[in-house]
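Notes follow the structure.
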Amino acid sequence: RVVIGCDLAATGKTKSDPACFVVMAVRGAFRDILHVVNRRCDYVEQKQILKDLCQRWKPATVVVERAAGGDAMIAELQREVRGLRGESAVGDKITRLTPHLGRFAALQVRTPKHEPWVAHWREELSAFTGTAGRLDNQVDATVWALVAAETKHQVDARAVARAMGLA
């Protein structure tokens, strides 16, 4: 199962953080980072990047943070992107990352060896302190991908009953 986590940039201007998209495969206990896009770009380009990634990787779930244009992106792409949903950030970045640290410690979050983005992704995650003002968009997008990976496919019992003619 493939999932995508997104940390959008508010403006895409040179002063804003880069937007980041993390594509992750869920394989049992393992979370394999398949692809990362991390760059400054405007809203239109961010939307196109997400559409392109969804077309290429066919994710089951896409989590977009409900900030920096996230709500607008969700509203625009809800019908085009399967499994798209927004998540509101609760607590600080360290609080959001902490529940996933066990996976990192158990070496369950893996990356390919020779992709050009791997060194920068590892560097940013390793240097993450939670200090305001530091670039941490790859940390955020990775957390959102990990949140998406923990999503269980929920069945709407009422919808099933209706489909079976029982309701």
Side-chain angles (χ1 to χ4, degrees), residues 2-26 31-101 103-104 109-149 151:
V2 173
V3 299
I4 297 176
C6 309
D7 182 37
L8 303 178
T11 64
K13 305 264 188 247
T14 56
K15 292 181 182 177
S16 69
D17 285 352
C20 186
F21 304 83
V22 172
V23 180
M24 178 183 292
V26 179
R31 305 298 182 253
D32 295 333
I33 309 297
L34 302 173
H35 189 73
V36 173
V37 176
N38 181 46
R39 68 172 176 253
R40 286 184 173 85
C41 50
D42 65 20
Y43 178 83
V44 172
E45 188 177 355
Q46 291 174 64
K47 186 168 70 170
Q48 190 60 52
I49 289 168
L50 181 55
K51 288 168 68 173
D52 292 346
L53 289 172
C54 289
Q55 174 136 19
R56 177 179 177 197
W57 296 99
K58 312 278 189 262
T61 306
V62 178
V63 172
V64 175
E65 184 176 357
R66 290 189 174 280
D71 283 328
M73 180 101 41
I74 293 163
E76 287 185 47
L77 296 180
Q78 192 69 49
R79 289 195 171 104
E80 291 180 62
V81 175
R82 179 181 74 128
L84 178 65
R85 74 170 207 261
E87 288 282 341
S88 297
V90 177
D92 62 18
K93 294 171 190 295
I94 292 174
T95 302
R96 292 194 299 272
L97 178 62
T98 298
H100 307 286
L101 292 177
R103 281 205 191 279
F104 286 95
V109 179
R110 306 179 298 191
T111 59
K113 292 184 179 171
H114 302 294
E115 292 293 328
W117 52 263
V118 171
H120 189 249
W121 180 87
R122 287 182 178 169
E123 179 182 312
E124 185 173 308
L125 268 76
S126 297
F128 178 69
T129 63
T131 304
R134 296 210 39 162
L135 287 181
D136 54 17
N137 53 306
Q138 292 183 95
V139 174
D140 279 346
T142 301
V143 167
W144 292 124
L146 288 163
V147 166
T151 301

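The analysis underlying the following values was restricted to heavy atoms, covering all of them including side chains, and did not include hydrogens, waters or symmetry mates.
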Legend entry - Distance (rounded to the nearest 0.5 Å) between Glu65 CD and Asp71 CG: 10.5 Å
Legend entry - Atom pair OG1/CG of Thr142 and Leu125 - distance to nearest 0.5 Å: 5.0 Å
Inset, instruction - Could you tell me which non-hydrogen atom of Ile33 sits nearest to which non-hydrogen atom of Pro112, and how far apart they are? - result: O-CD, 3.1 Å
Inset, instruction - Evaluate side chain to side chain contact (heavy atoms under 4.5 Å, CB included) for His100 paired with Val147, printing each intermediate quantity in order. - result: CA-CA 9 Å; His100 307 286; Val147 166; 4.1 Å; yes
Inset, instruction - Check the pair Asp52 / Phe21 against side chain to side chain contact (heavy atoms under 4.5 Å, CB included), numbers first and verdict last. - result: CA-CA 11 Å; Asp52 292 346; Phe21 304 83; over 6 Å; no
Legend entry - Distance-minimising heavy-atom pair for Val22 and Ala145: O-CB, 3.9 Å
Inset, instruction - Using atom types as modelled and distance alone, determine if a side-chain donor or acceptor of Arg85 lies under 3.5 Å from a backbone N or O of Thr61. - result: no
Legend entry - Main-chain N/O of Pro18 paired with Arg39 side-chain donor or acceptor, under 3.5 Å: no
Legend entry - Side chain Glu124, main chain Gln138, donor-acceptor under 3.5 Å: yes
Inset, instruction - Consider only side-chain N and O atoms of Trp144 and Glu87, and report whether a donor and an acceptor are under 3.5 Å apart. - result: no
Inset, instruction - Could you tell me the separation between the CE atom of Met24 and the CD1 atom of Ile4, rounded to the nearest 0.5 Å? - result: 11.0 Å
Legend entry - pair Trp121-Glu115: side-chain heavy atoms closer than 4.5 Å: no
Legend entry - From Leu50 atom CG to Met73 atom CE, the distance as rounded to the nearest 0.5 Å: 6.5 Å
Legend entry - Considering all heavy atoms, the nearest Ala89-Arg96 contact: CB-NH1, 3.3 Å
Inset, instruction - Please lay out, stage by stage, how Glu45 and Asp42 fare under the test side chain to side chain contact (heavy atoms under 4.5 Å, CB included). - result: CA-CA 5 Å; Glu45 188 177 355; Asp42 65 20; 3.4 Å; yes
Inset, instruction - Mind listing the closest non-hydrogen atom pair of Val36 and Cys20 along with its distance? - result: CG1-SG, 3.9 Å
Inset, instruction - Could you pull out the closest heavy-atom pair between Val3 and Ala148, with the gap in Å? - result: CB-CB, 3.7 Å
Inset, instruction - Taking side-chain hydrogen bond (donor to acceptor under 3.5 Å, both in side chains) as the test, write out the residues that go with Lys51, two or more places apart. - result: Glu80
Legend entry - Distance in Å, Glu76 CD paired with Lys47 NZ, rounded so as to fall on 0.5 Å steps: 3.5 Å
Inset, instruction - Go through the steps for Phe104 and Leu146 under the test side chain to side chain contact (heavy atoms under 4.5 Å, CB included), then give the verdict. - result: CA-CA 11 Å; Phe104 286 95; Leu146 288 163; 3.9 Å; yes
Inset, instruction - Grab the two heavy atoms, one from Thr129 and one from Ile94, that are nearest each other, plus how far apart they are. - result: O-CD1, 3.2 Å
Inset, instruction - Enter the distance from Asn137:CG to Asn38:CG here, rounded to the nearest 0.5 Å. - result: 4.5 Å
